Amino acid sequence: MQTDPLIDDDEMPGHDELGARRQLARDGVKRLYDALDELSPAARLAFTLHEIDGRTLGEVAQLVGSSVTATKLRVWRARKRIETVAAGDPVLSNFLLDKEAL
């Protein structure tokens with residue numbers, strides 16, 4: 001059986017750009033997790049379920065045993081806190097902007 005030779009990532013066209021995007025993603029995720037660690041457990045859970053997992057506010061409220069209003073407030077406060085952190089952190093800011101473009 002004949003196989004194609006493996007191409008080293010360093011030899012691929014656009015490798016530098018791909019490597020830079022991967023590094024930005026790694027750094028961005030780390031900084032996002034650092035920002036999430038600053039939130040209360042309830043706000044972190046509500047934000048993660050709604051913004052990252054894509055669940056509706058109603059689903060999140062039911063999962064955490066809270067009202068939709070309280071859940072909405074937790075998500076809003078978490079989003080504002082992350083936006084504040086991102087305003088002072090260009091890596092996190094660029095990471096979040098890149099995620100919005102997807």
Side-chain angles (χ1 to χ4, degrees):
M1 172 182 283
Q2 185 172 358
T3 60
D4 294 330
L6 291 175
I7 299 174
D8 189 6
D9 283 347
D10 293 336
E11 297 173 10
M12 291 181 60
H15 170 70
D16 291 338
E17 181 181 327
L18 181 60
R21 288 181 59 86
R22 284 181 182 160
Q23 187 62 46
L24 175 63
R26 280 191 294 269
D27 292 346
V29 167
K30 181 186 179 314
R31 291 174 189 217
L32 176 60
Y33 280 124
D34 290 345
L36 289 172
D37 284 343
E38 295 178 12
L39 302 174
S40 70
R44 182 173 48 245
L45 180 59
F47 179 85
T48 302
L49 289 171
H50 180 64
E51 295 292 332
I52 297 175
D53 287 354
R55 296 175 187 265
T56 67
L57 290 170
E59 288 175 311
V60 175
Q62 187 176 22
L63 285 169
V64 300
S66 182
S67 70
V68 173
T69 302
T71 301
K72 187 175 183 178
L73 184 58
R74 287 178 182 140
V75 170
W76 182 82
R77 286 181 178 162
R79 186 180 302 128
K80 291 300 172 191
R81 179 64 189 139
I82 290 170
E83 287 173 358
T84 300
V85 171
D89 185 340
V91 172
L92 179 58
S93 180
N94 286 334
F95 174 72
L96 294 174
L97 287 174
D98 190 44
K99 293 297 156 207
E100 289 176 3
L102 295 177

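Index from 1, following the sequence. These numbers were taken from a predicted model, which means no experiment stands behind them.
- When hydrophobic clusters are built by joining Ile, Leu, Val, Met, Phe, Trp and Tyr residues whose side-chain heavy atoms come closer than 4.5 Å, directly or via intermediates, Leu39 is grouped together with Leu32.
- Applying the under-4.5 Å side-chain rule to Ile, Leu, Val, Met, Phe, Trp and Tyr, the cluster around Trp76 extends to Leu73.
- Here Arg44 pairs with nothing under the side chain to side chain donor-acceptor pair (under 3.5 Å) rule; sequence neighbours left out.
- The side-chain hydrogen bond (donor to acceptor under 3.5 Å, both in side chains) pairs that include a residue from residues 63-72 are Ser66-Arg74, where partners are two or more places apart or lie in different chains.
- Remark: Glu51 engages Arg79 in a side chain to side chain donor-acceptor pair (under 3.5 Å) (not counting sequence neighbours).
- When all heavy atoms of Ser93 and Ala86 are compared, the closest pair comes out as CB-O, 3.4 Å.
- Interatomic distance, CG of Leu36 versus CD1 of Ile82, reported as 4.5 Å (0.5 Å rounding).
- Contacts classified as salt bridge (charged side-chain N to carboxylate O under 4.0 Å, His left out) and involving residues 83-92 (residues at least two apart or in different chains) are given here: Arg31-Asp89, Lys80-Glu83.
- For residues 33-43, the pairs satisfying side-chain hydrogen bond (donor to acceptor under 3.5 Å, both in side chains) are Lys30-Asp34, Glu38-Arg81, with sequence neighbours left out.
- Residues meeting the side-chain contact (heavy atoms from CB on, under 4.5 Å) test with Leu49, sequence neighbours left out: Leu45, Asp53, Arg55, Val60, Leu63, Val64.
- Qualifying side-chain contact (heavy atoms from CB on, under 4.5 Å) partners for Thr56, counting only residues two or more places apart in sequence or in other chains: Glu59.
- Clustering of Ile, Leu, Val, Met, Phe, Trp and Tyr side chains at separations under 4.5 Å places Val75 together with Leu57, Val68.
- With sequence neighbours excluded, the residues satisfying side chain to side chain donor-acceptor pair (under 3.5 Å) with Arg26 are Gln23.
- The two residues Phe95 and Ala25 come nearest to each other via the heavy atoms CE1-O, 3.8 Å.
- Nearest approach of Leu92 to Gly28, heavy atoms of both residues: CD1-O, 3.9 Å.
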